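Small disclaimer: the values here were computed from a predicted structure and weren't measured.
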Amino acid sequence: MDDSFKRLLERTIRRIPAHMLKTTLAKWGRLTTEQQRSLDFRQTKAAFTRNLLGLCDENDLTVKHITELEMICVMYNPNKGMWHALRLLDPEDQAPSVELTQFKEQFKAHLAELIRNVSIKIKKHTDEAVWIRIAWGNSFTRPNHLKPTYVVHYLQTPYVFVNGLTSKQKPLLSQALVLATRYSSIKDASLSGQKLTAIRDLLMRQYQQVFPTKYPSPLEEKNQLTSNPHIEREQAEHAENRLQMACEAFGDGTLPQLQTAVYKLETKFRDNSNKIMTESEEPFRCFVKFASTNLLESLRCCASSGISSTPVTPLLSSITQKGRNYFVITDKGFGPPPQTSHPEN
């Protein structure tokens, strides 16, 4: 049992919530029923890991088996680390018919052609998502299982979510994905967050949306005392309109828990009183970041309560309407930076 085995197991156990240790080890299936019963789940994780290491040694388990445990842990606790969304572009005619077996074979074959030492595990989750774990190596080193990349792809959709991917590895992964899914290219979707479920729901529109209407439904009556019925009616109408516009912009009900939205300004400086800045050929650059534990809920609350103006500015409503949280604003408008990867011939 080498040092990398111990380090990987220790890190994996630390990542699993204490109340999920027992069920996660049961899903793993590498311990006998008697061995699972012998474990004390009330111990500290350090003591628990030492006992688990003994059982792994007894069963002659390898790093390969520990990566299976780690993958189960990440699949059922995906809201850690930073996830980035990618979008596949220009599907070929065969793209909608790509099945899991075909995808697995093609993806592994193409990635193995691009890099010599690589470890790939692919598993289908209960929500139809295909999970991929990649440990990268190179011509001289074995795959590093302590720094894996996780990829989540929903077959028959153009959406891919990645975690732990470096700029050096991105072209290799992009080419393997494009070829295996039968698309022509792939680009950054300009959407990222710590909660995989949040950016997935936002990009795939898996939340309750509200569409514009001339006849919004009235708000629920509240027991509030007002001195003038005309003032009461006018205030209710304003509140009703604010709520309608806020929900049209950000959605209704429970919203995806997005943490940030970033706006990068690159425009010409315009101010007649400052000729030095105005005559500069370089664009004026500014960086604005909104942050909250639930940004969409916060923005909706600000709009519906009157803290911010309505209708909601397109700069904010585009988060949900375009499924992005990173924008570059130029003199030509605003949108994501152009980043598209094409497979090499």
Side-chain angles (χ1 to χ4, degrees), residues 1-16 28 61-88 100 102-125 129-155 159-181 183 185-189 191-194 196 199-200 339-345:
M1 188 180 298
D2 58 17
D3 183 58
S4 61
F5 181 100
K6 295 179 181 179
R7 290 171 63 192
L8 183 59
L9 180 62
E10 289 171 353
R11 191 185 69 175
T12 302
I13 295 301
R14 285 198 303 268
R15 182 167 185 168
I16 303 174
W28 185 35
L61 300 185
T62 64
V63 169
K64 174 185 175 182
H65 300 111
I66 305 305
T67 61
E68 294 173 357
L69 176 61
E70 184 202 71
M71 195 168 185
I72 293 171
C73 167
V74 176
M75 289 172 67
Y76 286 92
N77 298 276
N79 297 329
K80 290 187 177 182
M82 183 60 68
W83 290 90
H84 299 269
L86 306 175
R87 187 190 296 269
L88 293 157
L100 178 61
Q102 181 184 4
F103 172 80
K104 289 171 66 173
E105 293 175 353
Q106 292 289 317
F107 182 81
K108 288 183 176 180
H110 289 307
L111 194 56
E113 288 179 0
L114 297 171
I115 185 168
R116 184 174 180 179
N117 287 322
V118 62
S119 173
I120 307 169
K121 285 185 178 296
I122 300 180
K123 190 172 183 178
K124 193 173 184 180
H125 199 15
V130 177
W131 281 72
I132 308 170
R133 183 190 189 274
I134 306 171
W136 304 88
N138 55 42
S139 301
F140 308 101
T141 61
R142 293 182 299 174
N144 184 357
H145 287 284
L146 294 173
K147 294 183 179 181
T149 295
Y150 275 92
V151 183
V152 180
H153 173 52
Y154 289 80
L155 292 177
Y159 305 116
V160 180
F161 307 93
V162 297
N163 180 297
L165 185 68
T166 67
S167 57
K168 185 178 179 180
Q169 298 157 354
K170 189 174 182 179
L172 303 175
L173 175 64
S174 297
Q175 185 166 341
L177 283 170
V178 165
L179 294 173
T181 55
Y183 279 75
S185 60
I186 188 170
K187 73 169 186 177
D188 193 325
L191 178 65
S192 61
Q194 294 181 356
L196 171 63
I199 64 172
R200 178 204 64 194
Q339 295 179 0
T340 306
S341 299
H342 298 269
E344 297 178 0
N345 296 324

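One distance of note links OG1 of Thr181 with CZ of Phe107; it measures 10.0 Å at 0.5 Å rounding. With values rounded to the nearest 0.5 angstrom, Lys123 atom NZ is found 10.5 Å from Lys104 atom NZ. Annotation: the span from Phe161 atom CZ to Arg87 atom CZ amounts to 9.0 Å, rounded to 0.5 Å. Distance OG/Ser139 to CD1/Ile115: 8.0 Å, rounded to 0.5 Å. In this structure, His110 NE2 and Leu177 CG are separated by 10.5 Å, a value rounded to the nearest 0.5 Å. Distance check: His65 NE2 to Trp28 CH2 gives 8.0 Å after rounding to the nearest 0.5 Å.
Side-chain atoms of Leu165 and His84, non-hydrogen and from C-beta on, never get closer than 4.5 Å to each other. Proximity of Lys80 to Gln194: side-chain heavy atoms (C-beta onward) are nowhere separated by under 4.5 Å. No side-chain heavy atom of Trp136 sits less than 4.5 Å from a side-chain heavy atom of Thr166. With contacts defined as side-chain heavy-atom distances shorter than 4.5 Å, the pair Glu68/Met71 does not qualify. For the pair Trp131/Ile72, no side-chain contact is recorded, criterion being any heavy-atom separation below 4.5 Å from C-beta on. Ser119 is not listed as a side-chain neighbour of Thr67, based on a closest heavy-atom distance of 4.5 Å or more. Using a 4.5 Å heavy-atom cutoff, the side chains of Lys170 and Leu86 are in contact. Residues Lys64 and Lys121 form a side-chain contact, since some pair of their non-hydrogen atoms from C-beta on lies under 4.5 Å apart.
Nearest heavy-atom pair, Gly164 versus Gln169, reported as atom, atom and distance to 0.1 Å: O-OE1, 3.9 Å. Between Ala135 and Arg133 the shortest heavy-atom distance is CB-NH1, 4.0 Å. Here the closest heavy-atom approach between residue Val162 and residue Val160 is recorded as CG1-CG1, 4.1 Å.
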Hey, can you pull the donor-acceptor pairs under 3.5 Å for the side chains in residues 7-16, sequence neighbours left out?
| from | atom 1 | to | atom 2 | distance (Å) |
| --- | --- | --- | --- | --- |
| Arg11 | NH1 | Leu146 | O | 2.3 |
| Arg11 | NH2 | Glu70 | OE2 | 2.6 |
| Thr12 | OG1 | Leu8 | O | 2.7 |

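Not a single donor-acceptor pair under 3.5 Å links the side chain of Asn117 to the backbone N or O of Arg142. Not a single donor-acceptor pair under 3.5 Å links the side chain of Arg116 to the backbone N or O of Gly137.
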**OP:** Show your working on side chain to side chain contact (heavy atoms under 4.5 Å, CB included) between Tyr159 and Tyr154 and close with a plain yes or no.
**Re:** CA-CA 6 Å; Tyr159 305 116; Tyr154 289 80; 5.5 Å; no
**OP:** Show your reasoning for whether side chain to side chain contact (heavy atoms under 4.5 Å, CB included) applies to Val118 and Ile134.
**Re:** CA-CA 7 Å; Val118 62; Ile134 306 171; 3.6 Å; yes
Original post:
Between His145 and Ser4, does a side chain to side chain contact (heavy atoms under 4.5 Å, CB included) hold up when you go through it step by step?
Top reply: CA-CA 8 Å; His145 287 284; Ser4 61; over 6 Å; no
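In terms of the ring-ring contact (aromatic ring centres under 6.0 Å, His included) criterion, residue partners of His153 (sequence neighbours excluded) are, by chain and number, Phe103.
When each of Val74, Ile132, Leu196 is checked for a side chain to side chain contact (heavy atoms under 4.5 Å, CB included) with Tyr150, only Val74 meets the rule.
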